[in-house]
Undergrad: 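Before anything else, here's the structure in question.
Model, not experiment: these values are computed from the prediction. Each chain gets a letter, A, B and so on, in the order its sequence line appears, and its residues count up from 1.
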Amino acid sequence: MTPGLEVLQGLNPPQREAVETIQGPLLIIAGPGSGKTRVITHRIAYLVRVCGVSPYRIAAVTFTNKAAREMRDRLQRLVGGSSNSLTVGTFHAFCALMLRRDGAPIGLDPHYSIYDSDDQLALIKRSMELADLDPKRHHPRSVQSVISKAKSVLMDSGALAQQRENYFEEVCARVYHHYEELLSRNNAVDFDDLLMKAVQLLQESQDVRERYQQRYQYLMVDEFQDTNVAQYRLARLLTGEDRNICVVGDPDQSIYSWRNADIRNILSFQQDYPQAKTITLEQNYRSTGTILEAAKSLITANGMRLHKDLFTENEPGVPITVHEAYDEQEEAEFVISQISQLVRENGHKPGDCAIMYRVNAQSRALEEACLHQGMQYRLVGGIRFYHRREVKDLMAYLHLLHNPQDEVNLTRVVNVPPRGIGAKSMQELVRWSQRENISLYTAMGRIAQARQQGEQCPAPLPSRAASSIANFCDIVQRLVQQSTQLPVVELIDQVLEDSGLRHHIQSGDDQPEERWENILELRETAREFNAEQPPDGLATLLERLSLVADVDSYEDSENSITLITLHQAKGLEFPVVFIVGMEEGLLPHSRSMDSETELEEERRLCYVGFTRAERRLYLLRAFRRGFMGSSGPTMASRFLREVPEHLIAAASRKVPAPAVRIPAVSTSYGASGASGWPSNKTPPAPPAAPRISLQTGDLVRHSTFGEGVVMECTPSSDDHEVTVQFSEVVGVKKLLLSFAPLEKLEG
DNA sequence: TCCTCATAACTTTTT
DNA sequence: GTTATGAGGA
């Protein structure tokens, strides 16, 4: 056999065709569990080992760091050491590096800071002040989203001003203009800029463009359905004459349109490259027949879709379990006890099991249940590590040292820990620096210098404030000097000491141990790639840390179950999957329910959840769910109804219509068993009052109207309106559940 | 200037 | 149930 040809072994015909198609544009539509990553990595291995292409000339861009890392690991195994010279990374990381190395033609200083969305928001608020806008009238967040959206389609403020469609966009364009100026004055770029400026660079500098095009002869784009216009444009710009671009995606798993991902890129691709070959991967290797069929039924409810015919040769497996709990506590307790049972009786490990939910807030009840039942768990995401205050503070110091023009980060740390430079002093200082037309950092430098030379403070500041500022400035200047010489870990230690941050955190009364742990974790991360020493160590560290999400620190552990949002679960797989909160308003989310396209995205999200499961799938809902403090009744998710009845375990019950359970006046049926409640016996302690649950079709008895059938049960403010068909004489009555003397009949 | 307390406002998903 | 903001007092 020709050396290297074993990379073709074990591939099915379409997979093999995808691997062997190396010339020209290629679109791979890859259903869930169809071996997508396998195809990408084997295709790269094929290029390197069979076709003799230098790894240096191959780039693979992904959407998340996690995907990039996984790809890198697999390639390492397939092509060995030379995989190091492959370019594998996220769009953002790729752009950040390109801009740092080659950003000069578009006037970018390589020491630029990268602002995350929080920094972005802070700067937008400042821009709104400059534009004389009342933040109460226009929500900074909405402005942020308009600006970000504009950037994602490569519109600058001028373009937005021209193409505005309403008054609000006009306002945003004004803010955007100030925002652009502030960014450039701070020598900073936001996430969107990384893409937009990279495109700008490639468009405007022929030299840079040609260099990159020559270098990258083969480009692969993973999760293509999640790319936005800027990312697609970037991919096209990187693809030179050879047009060896291969994009892989699944429109049915597009769940990031809110982040301006544009499924239409797939259509554009076919238009832009009419000669492109399309290969569809339809065989699923992951899930049981039952799970796949449920997922297929669900997704066919969506309108516009690219046709796909998924199939599997796997066993049908066990039916899907649908469980209806009373509230989220019971839901959580059920899930955890179910997992314990699977571990005891079915030979599963806790690590096989994942619980997925729509919003992070849902993890709380699950965590409590884990604690309660002594189950180890790993929470993915949540309050993100890099968003924690102490972590952001330390990061802000590091950013400041690397880029002293960065006023967002300067402002953030100037009084952390408190050193007597309050809002008032800063306001004065800003005003003075503007009059003098110098940056904040320079202004501070002047004050410090005057002080050293025993001169009077040049700025109109109280002497106390002036000396605090001079002090702070001395510290920062000293650290800036050290930043180019010390390895990053030592620099971090120095910062922690000199700034007083360590003392501040450790002596604070807000969970000092935990916060210090977080600092140490950051320090540990820095130590891990300490191999990259100064002078570039700090830049690399900042770049990486600015672009990582927490999924990256995700590690398998066979003793812990996984708690994860549906979004983050994309790309993962688990033998056992629980999806909780299958309720209208949660999944689909209430903010997506009034638009058909958004609703379809919710359905795709649900589909992503279903297709993560290999062997067992559990769908859960609660009749009542806590909602910002108070709790209220819920309606079953329409997605539950889209799962064919015959795939669901007989023991579990499926709700065809809204059902509620609230305290009732009638007590005649006593214990909870009588209400037809699922058999698990864990009603949480407090609810002493008997409860009644009604759903369409239930038989009830009313003290005056007699027996009837429930037609409908809808929640109204604090109560429930029940429509009941009584005898022909009585007719249909609408009743309020809390007042009506209703009693549920079994049968 | 800084800290405490109260109030409001808000929660989708993330590079 | 949370976190961001504001007023008022030390």
Side-chain angles (χ1 to χ4, degrees), chain A residues 61-68 89-96 114-118 120-122 125 135-136 139-141 145 148 151-152 189-196 223 226-228 230-231 254-261 328 356-365 368 380-389 415-427 462 464-465 468 508-510 543-552 564-570 581 585-593 598 601-602 604-606 608-609 625-631:
Chain A
V61 274
T62 63
F63 193 63
T64 62
N65 292 295
K66 179 188 65 179
T90 64
F91 272 105
H92 289 85
F94 181 85
C95 294
I114 298 173
Y115 284 177
D116 67 15
S117 359
D118 290 349
Q120 186 182 37
L121 188 62
K125 284 182 185 160
K136 298 226 165 67
H139 273 243
R141 274 196 191 283
S145 120
S148 175
K151 289 189 172 198
S152 81
V189 303
D190 61 23
F191 281 149
D192 303 308
D193 278 340
L194 287 172
L195 304 169
M196 191 165 159
E223 304 283 15
D226 288 329
T227 54
N228 64 26
Q231 285 162 326
S254 157
I255 53 174
Y256 285 105
S257 71
W258 52 274
R259 238 178 69 183
N260 309 315
E328 69 252 59
M356 303 179 183
Y357 36 82
R358 178 65 231 264
V359 301
N360 276 311
Q362 286 173 266
S363 70
R364 172 173 298 273
E368 279 165 9
V380 182
I383 318 128
R384 277 202 277 306
F385 182 73
Y386 290 98
H387 285 270
R388 279 166 220 228
R389 198 171 63 236
N415 208 25
V416 179
R419 45 170 80 86
I421 312 175
K424 201 79 192 264
S425 310
M426 281 307 283
Q427 206 180 359
R464 197 194 186 98
S468 303
D509 46 5
D510 183 20
E543 198 168 285
R544 280 213 219 163
L545 294 189
S546 302
L547 297 173
V548 290
D550 285 318
V551 212
D552 304 342
I564 192 169
T565 65
L566 286 161
H567 278 91
Q568 291 182 108
K570 191 172 75 157
L586 201 51
L587 182 64
H589 195 269
S590 53
R591 304 252 288 235
S592 309
M593 281 170 48
E598 288 177 56
E601 180 147 319
E602 296 288 308
R604 290 194 293 270
L605 188 57
C606 192
V608 165
R625 186 169 298 274
F627 199 68
M628 283 198 257
S630 65
S631 87

Undergrad: How do A:Ala465 and A:Ile255 order along DNA chain B: which one's closest nucleotide is nearer the 5' end?
TA: A:Ala465
Undergrad: Indicate, with a heavy-atom threshold strictly under 4.0 Å, whether A:Phe91 touches base, sugar-phosphate, or nothing.
TA: nothing
Undergrad: Considering only heavy atoms from C-beta outward, does the side chain of A:His92 approach that of A:Glu543 to under 4.5 Å?
TA: no
Undergrad: Just call it for A:Lys125: base, sugar-phosphate, or nothing, with non-hydrogen atoms closer than 4.0 Å on any strand.
TA: sugar-phosphate
Undergrad: Within the 4.0 Å heavy-atom criterion, would you say A:Arg389 contacts the bases, only the backbone, or no part of the nucleic acid?
TA: nothing
Undergrad: Reckon A:His139 has a side-chain N or O less than 4.0 Å from the OP1 or OP2 of B:dA9?
TA: no
Undergrad: Give a yes or no answer on whether the side chain of A:His589 reaches the backbone of A:Arg591 with a donor-acceptor pair at less than 3.5 Å.
TA: yes
Undergrad: Taking the nucleotide of DNA chain B with the closest heavy atom to each, which residue, A:Ala93 or A:Glu598, is nearer the 5' end?
TA: A:Glu598
Undergrad: From B:dT1, B:dT13, B:dT15, pick the nucleotide closest to the side chain of A:Ser425?
TA: B:dT1
Undergrad: Within the 4.0 Å heavy-atom criterion, would you say A:Ser117 contacts the bases, only the backbone, or no part of the nucleic acid?
TA: base
Undergrad: Tell me which nucleotide among B:dT15, B:dT14, B:dT11 gets nearest to the side chain of A:Arg591.
TA: B:dT11
Undergrad: Taking the minimum atom-to-atom distance to the side chain of A:Trp258, which one of B:dC3, B:dT15, B:dT13 wins?
TA: B:dT13
Undergrad: Below 4.5 Å, heavy atoms only, C-beta onward: do A:Ile255 and A:Leu566 meet side chain to side chain?
TA: no
Undergrad: What is the distance from CZ of A:Arg141 to P of C:dT3, rounded to the nearest Å?
TA: 14 Å
Undergrad: Figure out the CD/P separation between A:Gln120 and B:dT14, and round it to whole Å.
TA: 16 Å
Undergrad: When the distance from CG of A:Asp192 to C1' of B:dT15 is rounded to whole Å, what number comes out?
TA: 9 Å
Undergrad: So if I take every side-chain heavy atom of A:Asn360 and compare against B:dT15, B:dT1, B:dT13, which nucleotide ends up nearest?
TA: B:dT13
Undergrad: A:Lys424 has a side chain; which of B:dT15, B:dT14, B:dT1 sits nearest to it?
TA: B:dT1
Undergrad: Over all strands shown, is A:Arg604 touching base, sugar-phosphate only, or nothing at heavy-atom distances under 4.0 angstrom?
TA: nothing
Undergrad: Can you tell me which nucleotide in B:dT15, B:dT11, B:dT13 comes closest to the side chain of A:His92?
TA: B:dT15
Undergrad: Closer than 4.0 Å, any side-chain N/O of A:Asn415 to the OP1 or OP2 of B:dC2?
TA: yes
Undergrad: Quick one: sort the A:His567 and A:Tyr256 rings into parallel, tilted or perpendicular, breaks at 30° and 60°.
TA: tilted
Undergrad: Check every atom of B:dT1, B:dT13, B:dT15 against the side chain of A:Thr565 and return the nucleotide holding the closest atom.
TA: B:dT13
Undergrad: B:dT13, OP1 or OP2 - any side-chain N/O from A:Gln568 closer than 4.0 Å?
TA: no
Undergrad: I want to check one thing: is the phosphate of C:dT2, taken as OP1 and OP2, less than 4.0 Å away from some side-chain N or O of A:Arg364?
TA: yes
Undergrad: Does a side-chain heavy-atom distance below 4.5 Å link A:Asn228 with A:Arg259?
TA: no
Undergrad: Counting distance only, does the side-chain N/O of A:Glu601 pair as donor-acceptor with the main-chain N or O of A:Ser257 below 3.5 Å?
TA: yes
Undergrad: Rounding to an integer number of Å, can you tell me how far A:Lys66 NZ sits from B:dT13 P?
TA: 16 Å
